[in-house]
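Everything on this sheet refers to the single structure shown next.
No experiment lies behind these values; they were computed from the predicted model shown.
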Amino acid sequence: MIKIKSSLFLNTGKIFTFIILFVVLLLVQNCTSQPGATSLKNGDLLFVTAKETGLSGAINNVTQKQKEASFDHIGITEKQGSHWYVLHAAPKGGSQKQELASFLKDQSDDGQKVIIYRLKPEYQKSIPQALKKAESMLGKPYNFNYILDENSYYCSDYIERSFRESSIFKLEPMTFVDPKTGKTNEFWTEFYKKKNLPVPEGEPGCNPNGLAASDKLERVGEL
């Protein structure tokens with residue numbers, strides 16, 4: 001009788017231990033399979049996927065270079081203590097330092113995803129200086145003309161300037177031509193007409209898709 005009870009107790013203990021281990025494994029798997037701040041490294045670049053319509057769609061229409069890269073915004077991560085921030089230039093707020101959770105919520109609310117890109121090991125040394133430069137540009141207004149200006153920045157311009165001293169990215173002649181028609185995209189024709197400005201075709205500039213195509217970066221995954 002005692003033997004039976006002892007055996008039952010041992011079996012019950014083994015089952016209980018197995019259940020605990022199983023639950024722990026599920027928790028660990030869940031934590032590692034869902035990207036979060038733990039996936040990030042200081043100086044990572046966060047690219048926001050483009051929408052298909054409006055300004056976002058118009059930017060992507062004339063700048064997309066890779067099938068897997070379709071972006072309309074970019075920021076750089078910075079960790080201070082235990083807190084993560086994203087430094088970026090956005091229409092709402094200009095050049096700013098935003099908490100990561102708030103940044104991710106903004107993109108999620110707009111139905112957009114965030115993809116992590118990272119400088120390859122041989123270029124990681126440029127990050128401290130880039131973050132210092134990015135910090136120095138905070139507070140500047142957003143550049144709604146998308147024509148290079150020393151007093152206002154658009155998103156990719158802000159990032160290119162941050163890394164300019166290390167020559168990580170380069171400015172290229174901008175194009176507003178729809179590759180499907182060979183003509184200036186109608187959105188941009190109207191966009192600059194309203195501003196009483198000529199379409200800055202061929203002027204130096206940069207864009208998120210162009211930066212994502214850099215051979216100095218590697219794609220890490222979705223955040």
Does some side-chain heavy atom of [Y] sit less than 4.5 Å from a side-chain heavy atom of [X]?
X      : Y      : result
Ser126 : Phe163 : yes
Asp44  : Trp84  : no
Arg118 : Gln124 : yes
Ile115 : Arg219 : yes

Requested in this report: Verify side-chain contact (heavy atoms from CB on, under 4.5 Å) between Asp110 and Val48, making sure each step is shown before the conclusion.
Outcome: CA-CA 10 Å; Asp110 282 340; Val48 180; over 6 Å; no

Report task. Tell me, with the steps shown, if Leu217 and Lys120 meet side-chain contact (heavy atoms from CB on, under 4.5 Å). Result -> CA-CA 6 Å; Leu217 301 181; Lys120 292 178 179 178; over 6 Å; no

Nearest heavy-atom neighbours spanning [X] and [Y]:
X      : Y      : answer
Pro208 : Asp72  : CG-C, 3.6 Å
Gln96  : Ala90  : NE2-CB, 3.6 Å
Thr175 : Glu201 : OG1-OE2, 2.8 Å
Glu218 : Leu119 : OE2-O, 4.4 Å
Gly182 : Val177 : C-CG1, 3.4 Å
Cys155 : Ala89  : CB-O, 3.4 Å

Identify, with sequence neighbours excluded, every residue that meets side chain to side chain contact (heavy atoms under 4.5 Å, CB included) alongside [X].
X      : value
Lys132 : Gln129
Asn196 : none
Pro128 : none

Side chain to side chain donor-acceptor pair (under 3.5 Å) partners for [X], two or more places apart:
X      : result
Lys195 : Asn145
Asn42  : none
His73  : His88
Asn151 : none

If I take atom [atom1] from residue [X] and atom [atom2] from residue [Y], how far apart are they, to the nearest 0.5 angstrom?
X      : Y      : atom1 : atom2 : value
Glu135 : Met137 : CD    : CE    : 10.0 Å
Leu46  : Ile116 : CG    : CD1   : 6.5 Å
Phe47  : Leu211 : CZ    : CG    : 5.5 Å
Leu87  : Leu131 : CG    : CG    : 7.0 Å
Leu40  : Thr77  : CG    : OG1   : 5.5 Å
Glu99  : Leu104 : CD    : CG    : 11.0 Å

Report task. Please indicate whether Lys133 has more than 12 foreign heavy atoms, meaning atoms of other residues, nucleotides or ligands, lying under 6.0 Å from its NZ. Result -> no

Report task. For Asp106, enumerate each residue passing the salt bridge (Lys or Arg N to Asp or Glu O under 4.0 Å) test, keeping only those at least two apart in sequence or located in another chain. Result -> none

Report summary line: Asp215 meets the salt bridge (Lys or Arg N to Asp or Glu O under 4.0 Å) criterion, sequence neighbours left out, with none

Quick check: does any side chain N or O of [X] sit under 3.5 Å from a backbone N or O of [Y], one acting as donor and the other as acceptor?
X      : Y      : value
Asn209 : Phe71  : yes
Thr49  : Lys113 : yes
Ser152 : Lys140 : no
Gln107 : Phe103 : yes
Ser108 : Lys105 : no

Requested in this report: Measure centre to centre between the rings of Tyr192 and Phe176, then say whether the value is under 6.0 Å.
Outcome: yes

Requested in this report: Using ring-ring contact (aromatic ring centres under 6.0 Å, His included) as the criterion, list what pairs up with Tyr85, not counting sequence neighbours.
Outcome: none

Query - Sequence neighbours excluded, every pair satisfying salt bridge (Lys or Arg N to Asp or Glu O under 4.0 Å) that has a member inside residues 75-95 - result: Glu78-Lys97

Query - Qualifying side-chain hydrogen bond (donor to acceptor under 3.5 Å, both in side chains) pairs, either residue in residues 154-170, two or more places apart - result: Glu150-Arg161, Asp157-Arg161, Glu160-Arg164

